There are 2 protein chains.
Amino acid sequence: MSPTMHDVARLAGVSIKTVSNVVNDYPHIRESTRERVRAAIAELDYVPNKAARNLRSGRSGAISLVMPDLRNPYFAELADDVMRAAAEHGLTVLIEQLTGEREQELQTLHGLRQRAADGVIYSVLNLDLEDADQIDVPVPLVLLGDRIFHGPADHVTIQNAEGAKAATEHLLERGRRRLLALGAHEGEVLGSAGLRLHGYREALEAAGVPFDPDLVTHVGRWHRVDGAEAMREVVARGVTFDGVVAFNDSLALGAMRVLLDAGLRVPEDVAIIGFDDVDETRYSQPTLSTIDPGRAEIARRAVEVLVERMNGLASPPREIAAPFSVVARESTATG
Amino acid sequence: MSPTMHDVARLAGVSIKTVSNVVNDYPHIRESTRERVRAAIAELDYVPNKAARNLRSGRSGAISLVMPDLRNPYFAELADDVMRAAAEHGLTVLIEQLTGEREQELQTLHGLRQRAADGVIYSVLNLDLEDADQIDVPVPLVLLGDRIFHGPADHVTIQNAEGAKAATEHLLERGRRRLLALGAHEGEVLGSAGLRLHGYREALEAAGVPFDPDLVTHVGRWHRVDGAEAMREVVARGVTFDGVVAFNDSLALGAMRVLLDAGLRVPEDVAIIGFDDVDETRYSQPTLSTIDPGRAEIARRAVEVLVERMNGLASPPREIAAPFSVVARESTATG
DNA sequence: ATGAAAGCGCTAACAT
DNA sequence: ATGTTAGCGCTTTCAT
């Protein structure tokens, strides 16, 4: 059996309370006492029992991160960022993966009751604002993603419209005028797709470039195959364009491959920009220009805001937008 | 305050022990009693307190997964696989990321004492068999990776030599004879690089193809840039070859880009095969042939073996090799 | 088949 | 500055 506080107390000749004080860095302890206790702890190789501490304190020191699966590089990188941010607050992260089915998503949220985390960061995959009342976790919650705005909890978000607008402007500045919008979702207004399309249109309008519905391509999901398929369809249709604003990097990479296969040059014939700044954009051929959505900052802020709530902050839900930036690479290079 | 077992017991008119029995599916309970307790649980929306359960039972229901960071797709996919496998045993996974520094790795292992997981799956990044005694965790341990064989704990591993041999044979079967080995580590015998090089040599030997040291390229790490750099150097050196056995997919993808840039066709001029079967091999241009190292199986077996140990199995450490397979894609297609 | 009671190891009141 | 004491909510003997 591993040693307990009692063992340490006995060896150091103090009470268990004093050991607890030393372990928890309670300030008012005589230096000599502290030393004695430290020595005893070292000698016994004592480690506080977490379960006991959790039971007594009512806290687990862990937060849950509910999000789409780690195979998606964007979310793998987000998870990494969240774990690093959480570590700075001394928190452990429990990852719960969403598979894409609505039912499973509700199930997962419900299952959080058992998990006993002190807070939840939830990157919404399928639910809407209408489902918000079903998101009933017994601890503080921070929402990520672009499906629920002005919901029941703090929300840290990407500047979708602004980012897409900047991406579009990036191409316009390089003299491109026929810009394909790749990745729209039929009829969507909110959500990343709707917002990014909105940003695209805003940029066109601001530049006095007429909006052409033929240049908006709709896709089902935002994976590489979807970008490739959509691009194949566009090329087959004979649509002419000299730039592509892809709504995420995977779409852009998929589309780029089809363009290259079709004998078009990137960026000479077609410039292309993505969105997300996932690692592989640095390694594609050509390297992909993109929007850095401030993922690390999102993670930092999400944890920060969550910790505030865990510490009892009571104020109306907040909407927090992370700063973004344009990352110019080969796929939109000039000359 | 959320309801406790006492509340449920009171409402159901039974003792707390009976509630516990129902919650834990203890078999000998009268059906009517069980129903009454179930109803009380539902009415109060009772959820067992995990901290209390952990304290009393001495188990946390969690395992730690210690591994390189999630930004590396291979490990993101491994983490996903491990989490799924663990979920089937009702276990939660705590991920601990390694940053690449030896010191941090030892630190992380030491920190596990506080974590209070019931077991550890550790994908070794920097340590060697010589460091094995420093890997002193107080719970069952399963090792992954190719740095420590016949160490102090069960080990689930990729068939490195056999996989690399199969990859090499795959190219030989397609008539390639001048095969570049991409990714060797100077002087390494064990470890993935050493083992894969060994498999490469075995295949050559079996086919009666002479080994040419000029065709072995050494790299520092196994990232895409390293593959690109090595390939640039080889091309500059004027070495001729018609096939590449890359020791992982990232190296292959980086090298492929340089080949294409240099005006060589893949697979017509140079066929190339990777190792790992990460998702992006399905989307590169051309798609990349590779070795599927049986990652999902590794995760399954690792969790299984760990659970056996957690349940008290005492037997000498075991070495378990997962089955692998050759995945043929465009980069090694014939005709 | 169910109940009574002890106690896992710690923290937080309260006392001194 | 340090000690005493009472639980946190559950599982586990041990009874019955």
Side-chain angles (χ1 to χ4, degrees), chain A residues 1-41 44-62 90 113-118 138-139 311-312, chain B residues 1-41 44-62 90 113-118 138-139:
Chain A
M1 212 43 215
S2 48
T4 74
M5 264 190 180
H6 283 105
D7 300 325
V8 176
R10 203 173 310 124
L11 182 60
V14 298
S15 85
I16 165 182
K17 173 66 188 342
T18 302
V19 178
S20 175
N21 285 157
V22 171
V23 168
N24 295 296
D25 287 324
Y26 180 71
H28 309 295
I29 308 172
R30 202 183 303 142
E31 201 46 47
S32 63
T33 312
R34 190 194 303 277
E35 279 318 313
R36 212 141 30 88
V37 172
R38 286 242 172 89
I41 287 175
L44 295 175
D45 197 16
Y46 166 76
V47 177
N49 179 312
K50 211 156 187 179
R53 180 177 282 184
N54 292 349
L55 174 58
R56 181 62 239 219
S57 67
R59 286 198 168 204
S60 69
R113 315 182 142 282
Q114 270 101 292
R115 286 275 171 257
D118 299 336
V139 291
N311 288 336
Chain B
M1 212 46 216
S2 46
T4 75
M5 264 190 180
H6 283 105
D7 301 326
V8 176
R10 203 174 309 124
L11 181 60
V14 297
S15 84
I16 165 181
K17 173 64 186 353
T18 302
V19 178
S20 175
N21 285 157
V22 171
V23 167
N24 295 297
D25 288 325
Y26 180 72
H28 309 295
I29 308 172
R30 201 181 304 140
E31 201 46 48
S32 61
T33 311
R34 190 193 304 278
E35 279 317 314
R36 211 141 32 88
V37 173
R38 286 242 172 88
I41 287 175
L44 295 175
D45 196 15
Y46 167 76
V47 177
N49 179 312
K50 212 155 185 177
R53 179 177 282 183
N54 292 349
L55 174 57
R56 183 60 237 219
S57 66
R59 286 199 166 202
S60 69
R113 315 181 141 280
Q114 270 101 292
R115 286 277 172 255
D118 300 336
V139 291

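Computed from a prediction, not measured in an experiment: that's the story for all the values here. Note on naming: letters A, B, ... go to the chains in the order of the sequence lines (proteins, then strands), and numbering restarts at 1 for each one.
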If you look at every strand shown and take non-hydrogen atoms under 4.0 Å, does A:S57 touch a base, only sugar-phosphate, or nothing?
-> nothing
Send over the distance from B:K50 NZ to C:dC8 C1', rounded to a whole Å.
-> 18 Å
A:N49 atom CG is separated from C:dC10 atom P, nearest whole Å, by 5 Å
Can you tell me if the side-chain N/O atoms of B:T18 get under 4.0 Å from OP1 or OP2 in C:dT2?
-> no
From C:dC10, D:dT11, D:dG9, nucleotide with atom closest to B:M5 side chain = D:dT11
May I ask you to verify if any side-chain N or O of B:R30 is less than 4.0 angstrom from the OP1 or OP2 atom of C:dA1?
-> no
Checking side chain to side chain contact (heavy atoms under 4.5 Å, CB included) for the pair B:R36/B:V22: CA distance, chi angles, key distance, verdict?
-> CA-CA 10 Å; B:R36 211 141 32 88; B:V22 171; over 6 Å; no
Closest approach of B:V139 to B:D118 (non-hydrogen atoms, all atoms of both residues) = CB-O, 3.6 Å
Across the strands shown, which category fits A:N54 at heavy-atom distances under 4.0 angstrom: base, sugar-phosphate, nothing?
-> nothing
What integer distance in Å separates B:N24:CG from D:dG9:P?
-> 17 Å
Return the value, rounded to whole Å, for the distance between atom CZ of A:R59 and atom C1' of D:dG9.
-> 19 Å
Calculate the interatomic distance between A:N21 atom CG and C:dG9 atom P; express it in whole Å.
-> 20 Å
Here the gap from A:T33 atom OG1 to A:E31 atom CD, rounded to the nearest 0.5 Å, amounts to 8.5 Å
Take atom CG of A:D25 and atom C1' of C:dA12, then tell me their distance rounded to the nearest Å.
-> 17 Å
Validation row: B:V37, B:V19 side chains within 4.5 angstrom (heavy atoms) = yes
Report which part of the nucleic acid A:Y46 touches: base, sugar-phosphate, or nothing (heavy-atom distance under 4.0 Å, all strands).
-> sugar-phosphate
Here the distance between atom P of C:dT2 and atom CD1 of B:I16, to the nearest Å, is 16 Å
Run the side chain to side chain contact (heavy atoms under 4.5 Å, CB included) check on A:K17 and A:N21 step by step: do they pass?
-> CA-CA 6 Å; A:K17 173 66 188 342; A:N21 285 157; 3.3 Å; yes
Contact class for A:I29 vs. all strands (heavy atom < 4.0 Å): base, sugar-phosphate, or nothing?
-> sugar-phosphate
Should B:T33 be listed as having a side-chain N or O under 4.0 Å from OP1 or OP2 of C:dT2?
-> yes
Closest to the A:K17 side chain, choosing from D:dG9, C:dG9, C:dA13 = C:dA13
Round to the nearest Å and state the distance from B:Y26 atom OH to C:dG3 atom C1'.
-> 12 Å
When only distance counts, do a donor and an acceptor, one from the side chain of A:R56 and one from the base of D:dG7, lie under 3.5 Å apart?
-> yes
So does B:S15 get a side-chain nitrogen or oxygen closer than 4.0 Å to the phosphate oxygens (OP1/OP2) of C:dA4?
-> no
